[in-house]
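Inspection log for the structure reproduced underneath, given as structure tokens.
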Amino acid sequence: MCGIVGYIGDKKVAPILINGLKKLEYRGYDSSGVAIFGDNNLDVIKCKGRLSILESKVLENMPSGTMGIGHTRWATHGEPNDVNSHPHISNSGKIAVVHNGIIENYLKLKEFLQSQGYDFKSDTDTEVVAHLVEYHYKGNLIEAVIESINEIEGSYALGVICSDCPTEFIAARKDSPLIVGLGKGENFIASDIPAILEYTREIYILEDKEIVHLTKDDVKVYNIHGAEVKKEIFNVTWDVSSAEKSGYEHFMMKEMFEEPKVIKDTISPRIENDKIVLDNVSISKEDLDNIDKIYIVACGTAYHAGVVGKYIIEKLARIPVEIDIASEFRYRDPLISDRNLVIIISQSGETLDTLVALKESKKRGAKILSIVNVVGSSIARESENVLYTWAGPEISVASTKAYNAQLAALYLIAFDFAYKKGRLDEATYKSCIKELKSLPSKTEEVLANKEIIQKFASQHYNAKSIFFIGRGLDYALSMEGSLKLKEISYIHSEAYAGGELKHGTIALIEKGTLVICPVTQDDLVDKMISNIREVKARGAVVMAITQKKNKDMEKTADVVINIPDIDPLVAPVIAVTPLQLFAYYMAVEKGCDVDKPRNLAKSVTVE
Ligand code: AGP
């Protein structure tokens, strides 16, 4: 998730681009750049680091032009550095491109363009677009862009300028958001409303596969076939801060509603012709045959994703998995050798305990596979294999969408390993992939059901202590549900394996005690129903989360949150969202600072 902005008009464009990018920095902040048309050529200034570095470079030698595009980056392909920063320029220097999204077939296009003599400077997928537009450019910029995007697979919001076309520029979108800001004698493009709100409140919201031609006095929108599309003007009433949250009250809620897209972005680039292909991961069948044990090491929410990882890798690939908290792992002299694979999980890629655990494992000869959300982060740089979660920047301290993306990555790994080890026959492998592909739409269904959870939270936010109880994968989910609640609502909470209740904890259950139960594992539903009956017999109030098909739950729990029917094996990816929503509404009801909870930091880079 990056931020792009563009302007054409009579005003000096540089300050407008910098201003707009500042409002988009929540979308990505590891590098940035601008391309400005002035004095008959393209002025390109770009660099690694926060936007303030670019700003000082631009202020040092303010370009005079009145048309330009800008970009603030969240690296996906190619780590953050000056060369990989946007805009990317074609070989002739005539075409400049900024891009938000992932070009899935960039390697194929790159090969073709190199065979046509194009020379690539960066490791990015985006640079392909600059050369492709130049390849198709025959004097008509919009035609060249349309021809190019008809060859591109993946997601994009693009801004394209050409030094031969000083009075126009082009933008296009598919899957990544893009708006057009309508001004008087000036027009804008941006990834999101905050970037242009200062200048206009009249916008066009571009739909998928729409291309826009902008001059300072006119805006025309076309579809992928070049036919003009009539657009409706949308009047923005939000203020800047709510616009950054796309109208949501908190980044946490915005990020939960990004989960369908995040899960899709993490899964779809790794499925080619119905086979799982893990980019940046080279672990072959032979490697797996030489691995007699896997360790999963992480902290906090990432650790909880690892617990799900243990269950599914052991169940499917039949390789023993040990899950460990990094701060414990690094000091317990772990029995690690070159016959081990260590899977490291981290959203930020900077958590110190996890980083040291990784280095410790490498020192002892283990193979490393890291699941990370930040390209170029310390953990990513230290790892020989990195499977990136494409969750985009996660602003809220409480991790939500990154957890769902980590689960999606772990399922890809488990299915891949199991298939390579011959543990999955073709039919099962295909149905696993089918279930993975169904996750984004099923997560949307879950999110649409939020009102019931909000109502339940409004009736119970004064609870002093809450228990999460689950069995199997639901026990792993309960751990995450409990942490989410604790860290943003400050309510004491514990997660328990359903079968452990009778061994002590049930002593704490009394009239009105709140118990939250994810019940998504078919072979354990009856066991969980007995557990629920046990706590209800002691006066507990129970909210259960289960698939629609489990009708008996209606007669057992006080409140039932239905999730769409889904294979229990992958249910955690969608069943966690009601737990995240519950924690969110409890915190909102209590008036807590949801996005910046007390005593916590987004990335723990100290011991
Ligand atoms: C989760 O909501 C917390 N922010 C925290 O537990 C977090 O998961 C933990 O600090 C690990 O962070 P990482 O994924 O960036 O390594």
Side-chain angles (χ1 to χ4, degrees), residues 30 74 250-256 258-259 262 266 296-309 323-330 342-359 361 368-383 386-410 468 476-491 493 495 576-577 579-584 586-587 592-607:
D30 58 42
W74 179 264
H250 299 98
F251 277 111
M252 184 177 174
M253 186 58 118
K254 176 176 177 265
E255 287 159 4
M256 286 189 278
E258 287 172 359
E259 287 171 2
V262 157
T266 301
I296 301 181
V297 182
C299 299
T301 286
Y303 166 80
H304 293 147
V307 178
V308 172
I323 169 81
D324 225 319
I325 296 165
S327 52
E328 286 298 310
F329 179 89
R330 61 178 288 194
V342 174
I343 299 180
I344 294 283
I345 310 176
S346 175
Q347 186 284 125
S348 61
E350 302 297 347
T351 301
L352 184 66
D353 285 324
T354 310
L355 179 60
V356 176
L358 186 167
K359 291 179 177 166
S361 307
I368 303 293
L369 165 55
S370 292
I371 298 173
V372 177
N373 194 44
V374 180
V375 174
S377 58
S378 310
I379 287 175
R381 286 202 305 276
E382 280 284 335
S383 308
V386 184
L387 189 62
Y388 285 113
T389 51
W390 299 138
E394 194 173 60
I395 307 296
S396 181
V397 169
S399 182
T400 53
K401 63 177 180 174
Y403 173 82
N404 298 66
Q406 285 160 359
L407 291 189
L410 285 160
F468 289 75
L477 270 184
S478 298
M479 292 177 187
E480 179 52 15
S482 171
L483 174 64
K484 268 304 85 71
L485 182 75
K486 282 187 274 201
E487 66 177 313
I488 61 172
S489 74
Y490 319 142
I491 296 172
S493 158
V576 70
T577 305
L579 299 174
Q580 296 164 342
L581 286 166
F582 174 65
Y584 172 79
M586 292 293 270
C592 301
D593 183 345
V594 170
D595 285 336
K596 294 192 175 64
R598 69 188 185 200
N599 311 342
L600 293 179
K602 182 62 186 169
S603 179
V604 183
T605 53
V606 293
E607 258 201 271

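No experiment lies behind these values; they were computed from the predicted model shown. Order of appearance sets the numbers: ligands from 1, and atoms from 1 within every ligand.
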Show which atoms of ligand 1 fall inside a sub-4.0 Å distance from at least one heavy-atom site of [X].
X	result
Val397	2 (O), 3 (C), 4 (N)
Gly300	6 (O), 8 (O)
Ser399	1 (C), 2 (O)
Ala302	8 (O), 14 (O)

Residue and atom name of the nearest protein heavy atom (relative to [atom]), distance in Å to one decimal:
atom	answer
atom 11 (C) of ligand 1	Cys299 O, 3.4 Å
atom 10 (O) of ligand 1	Val604 CG2, 4.0 Å
atom 5 (C) of ligand 1	Thr301 N, 4.3 Å
atom 14 (O) of ligand 1	Gln347 N, 2.6 Å
atom 15 (O) of ligand 1	Ser348 OG, 2.6 Å

Would [X] count as a contact of ligand 1 if the rule is a heavy atom under 4.0 Å away?
X	answer
Thr354	no
Lys484	yes
Ala398	yes

Selection from Leu483, Thr605, Thr351 by shortest heavy-atom distance to atom 12 (O) of ligand 1: Thr351
Among Gln580, Glu394, His250, the one residue meeting side-chain contact (heavy atoms from CB on, under 4.5 Å) with Glu255: Glu394
Contact check, side chains of Phe251 and Val594, non-hydrogen atoms, under 4.5 Å: no
Ligand 1 N/O within reach of Gln406 N/O, cut-off under 3.5 Å: no
Ser603 N/O under 3.5 Å from ligand 1 N/O: no
Ser348 versus Ser377, closest heavy-atom pair with distance: O-CB, 3.5 Å
